[in-house]
Amino acid sequence: MQINVPHVAELASLPLKKEEIKKFQKQLSAILNYIAKLNELDTKNIEPTSQVTGLENVTREDQSSPSLSQADVLKNTKSKHNGFFKVKAIFEE
Amino acid sequence: MNLNQLTISQARKGLKEKKFSSVELTKACLERIKKIDSQINAFITTCEKEALDKAKWADKQLSNGTIEQWNNYPLLGIPIALKDLFSTKDIKTTAGSKVLEDYIPPYDATVVKKLKDAGAVILGKTTLDAWAHGSSGENSDFGPTKNPWNQDYVPGGSSSGSAAALAADMCLAATGTDTGGSIRLPASFCNVVGSKPTYGRVSRYGIVAMASSLDSIGHFTKTVEDSAIFLAVTAGQDPFDSTTPNKPVPNYLAALKKGIEGIKIGFPKEYTEKGLDPKIKEGFSKSLDVLTGLGAIITEVSLPHTEYAIACYYIIQPAEVSSNLARYDGIRFGSVRQNFGDEAKRRIMLGTFTLSAGYYEAYYKKAMQVRTLIKKDFEEAFTKVDAIIAPVSPTPPWKLGEKVNDPLKMYLSDIFTVTANLAGIPGLSIPAGFINDLPVGIQILGPQFSEERLFQISYAYEQSTEWHKTKPKL
């Protein structure tokens, strides 16, 4: 079983160099071969577990409460403008 | 004995009796860090000024305070270290990664707030495998940590810095996280007590997420009693973490000294049948004898799906990792995604693949079903026994560099620890001896929310042995 590393890296927004692609291809194949072990098990009619302590529908009242200030939120960005995060344009004029 | 060598319990007694001050205790730890951390590399950040300010505040409370107030601050003036996944307001928090090397959180994690409110003094942030991805401490973007018992060897990971700092007496306790063994393994390799509470027992809010259905927030201490004291502070429901149930926090110290006469402890046959280092098997056998001597009834149990646990874990965990690390896009915080290390990249890609269209059912869904089978194995075993005892690692600590180029080999070190995270159950790793002068621990596992029982069993074992009193030569 092979992973299409360039495709997966693109999905994951992980820019990779050519040498990296080759190295990861090999390592990931080895791992995938190992995890294929699960196919030995018959899991028909077994419920999947995602919440391990049985909690469901944990909600709260839809009330807002004090949170971080705008200044705090912007403290760690490398790119801001007029109190906003500045990012590359998606749409062009 | 130097002040930094004390346990929490001993330090509390000394502070109360005014034998020394919190400032003296804190300075002893800071001096120890200055003296040996260049060899061990346990800390990424030390906050000397903040620590001494808090210690001075603690001393003021101690001189003005009443008994009532003393009880309100269970960690008053006690110097601790925090794994660098725990958000600390205005103190750099890196997750051990270049991506966050200059990130300064604007808020405290709930656990950090609880520890501060309990009076603790924060010495600094300890190093870890970046993003908690690792079992040896070698994946830190800030250099590997050395095992204080023999610096050619790994301290275990991912909470490598916390375990090493504590073992070397640089602090009196340290926090960690355990997603697949990241507290229990380094505790076992460093001769300290490592607590992995039940999933949801301790709030994950403000702690850099690795795998959201597996992450457990825990801690390292020098003794079992200290571990109970610490959990009493960190445990409890948190409105900011909806996976923390509304379950009361019991008095963990009350059950501690009950003894274990008649307690049924099971050892899983699949963990000792094959692949176990013969010296570990021998040591494990001796531990069982100690427990029998204390009145416990030891029986063999079976956890039939053990051999599938690693495959199951290494599908679910990377899938959740790929999702949790998607937020590091360099926009609101952190730098570019190219700065992720190799292990992070591997896990992100593995996870992205198993969650992608056409593969989700075959991998992720299948793994979630196997997870149910593993969880059921434990539920079934716990109808027969009160707790399970097991080795933590199939081998003693390995040499730095030995496994770092073979990711799969590294993953296989987690075989005895991932099961507890898949089942959401608690585990306590305690010192159980040495092989070639390197520490080897054992772990006690129990049903969900049975931490009291784990402390009870571990305390009895600890008090019958001398392992916890040994210190590395540094």
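Letters A, B, ... are given to chains in the order of the sequence lines, protein chains preceding strands, and every chain is numbered from 1. This is a predicted model, so every value here is computed, not measured.
- Of the residues listed (B/N421, B/L422, B/T306, B/V418), the one engaging B/I374 in a side-chain contact (heavy atoms from CB on, under 4.5 Å) is B/L422, and it is the only one.
- In this structure, no portion of B/D406 lies under 4.5 Å from any heavy atom of chain A.
- B/A367 touches chain A through backbone and side chain together, each having a heavy atom under 4.5 Å away.
- You'll find the side chain of B/S302 reaches within 4.5 Å of the side chain of B/E270, heavy atoms only.
- When the heavy atoms of residues 62-71 of chain A are compared with those of chain B, the residues falling under 4.5 Å are A/L68, listed by number.
- B/E307 has a carboxylate O that lies under 4.0 Å from a charged side-chain N of A/K37, or vice versa, which qualifies the two as a salt bridge.
- With a threshold of 4.5 angstrom between heavy atoms, B/L412 approaches chain A through side-chain atoms but not through N, CA, C or O.
- Contact annotation for A/V87: only side-chain heavy atoms (C-beta onward) come within less than 4.5 Å of a heavy atom of chain B.
- Heavy atoms of B/D102 lying under 4.5 Å from chain A belong to its backbone as well as its side chain.
- By the salt bridge (Lys or Arg N to Asp or Glu O under 4.0 Å) test, A/D72 is found to be paired with A/K75, residues two or more places apart in sequence or in another chain being considered.
- Proximity of B/T354 to B/Y360: side-chain heavy atoms (C-beta onward) are nowhere separated by under 4.5 Å.
- Counting only residues at least two apart or on different chains, the salt bridge (charged side-chain N to carboxylate O under 4.0 Å, His left out) pairs with a member in residues 236-248 of chain B are B/R204-B/D241.
- Of the charged side-chain nitrogens involved, at least one lies within less than 4.0 Å of a carboxylate oxygen, so that B/K375 and B/E379 count as a salt-bridged pair.
- No side-chain heavy atom of B/M368 sits under 4.5 Å from any side-chain heavy atom of B/T372.
- With a threshold of 4.5 angstrom between heavy atoms, A/K86 does not approach chain B through any atom at all.
- Interface remark: B/D90 contributes side-chain atoms only to the contact with chain A (heavy atom separation under 4.5 Å).
- Contact of B/P245 with chain A is made through backbone and side chain together, with heavy-atom distances under 4.5 Å.
- Most heavy-atom pairs under 4.5 Å with chain B: of the set A/I46, A/V58, A/L74, A/V5, this distinction falls to A/I46.
- B/Y313 does not touch chain A: none of its heavy atoms, backbone or side chain, sits under 4.5 Å away.
- Heavy atoms of A/L55 lying under 4.5 Å from chain B belong exclusively to its side chain.
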In sequence, state the C-alpha distance, the side-chain angles, and the governing distance for B/T177 and B/D215, and then conclude on side-chain hydrogen bond (donor to acceptor under 3.5 Å, both in side chains). CA-CA 7 Å; B/T177 61; B/D215 289 351; over 6 Å; no

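- Side chains of B/N139 and B/H133: a donor-acceptor N/O pair is absent below 3.5 angstrom, by distance only.
- Residues of residues 315-325 of chain B lying within less than 4.5 angstrom of chain A, judged on heavy atoms, are B/I315 in numerical order.
- Looking at B/R347 and B/E343, a side-chain N of the basic residue comes within less than 4.0 Å of a carboxylate O on the acidic one, giving a salt bridge.
- The aromatic ring centroids of B/F353 and B/Y363 lie less than 6.0 Å from each other.
- In terms of heavy-atom pairs under 4.5 angstrom with chain B, the leader among A/L32, A/L41, A/V8 is A/L41.
- Heavy atoms of B/K345 lying under 4.5 Å from chain A belong to its backbone as well as its side chain.
- A salt bridge does not link B/D84 to B/K92: none of the charged nitrogens lies less than 4.0 Å from a carboxylate oxygen.
- Contacts of B/S212 with chain A are absent, with no heavy-atom separation under 4.5 Å from either backbone or side chain.
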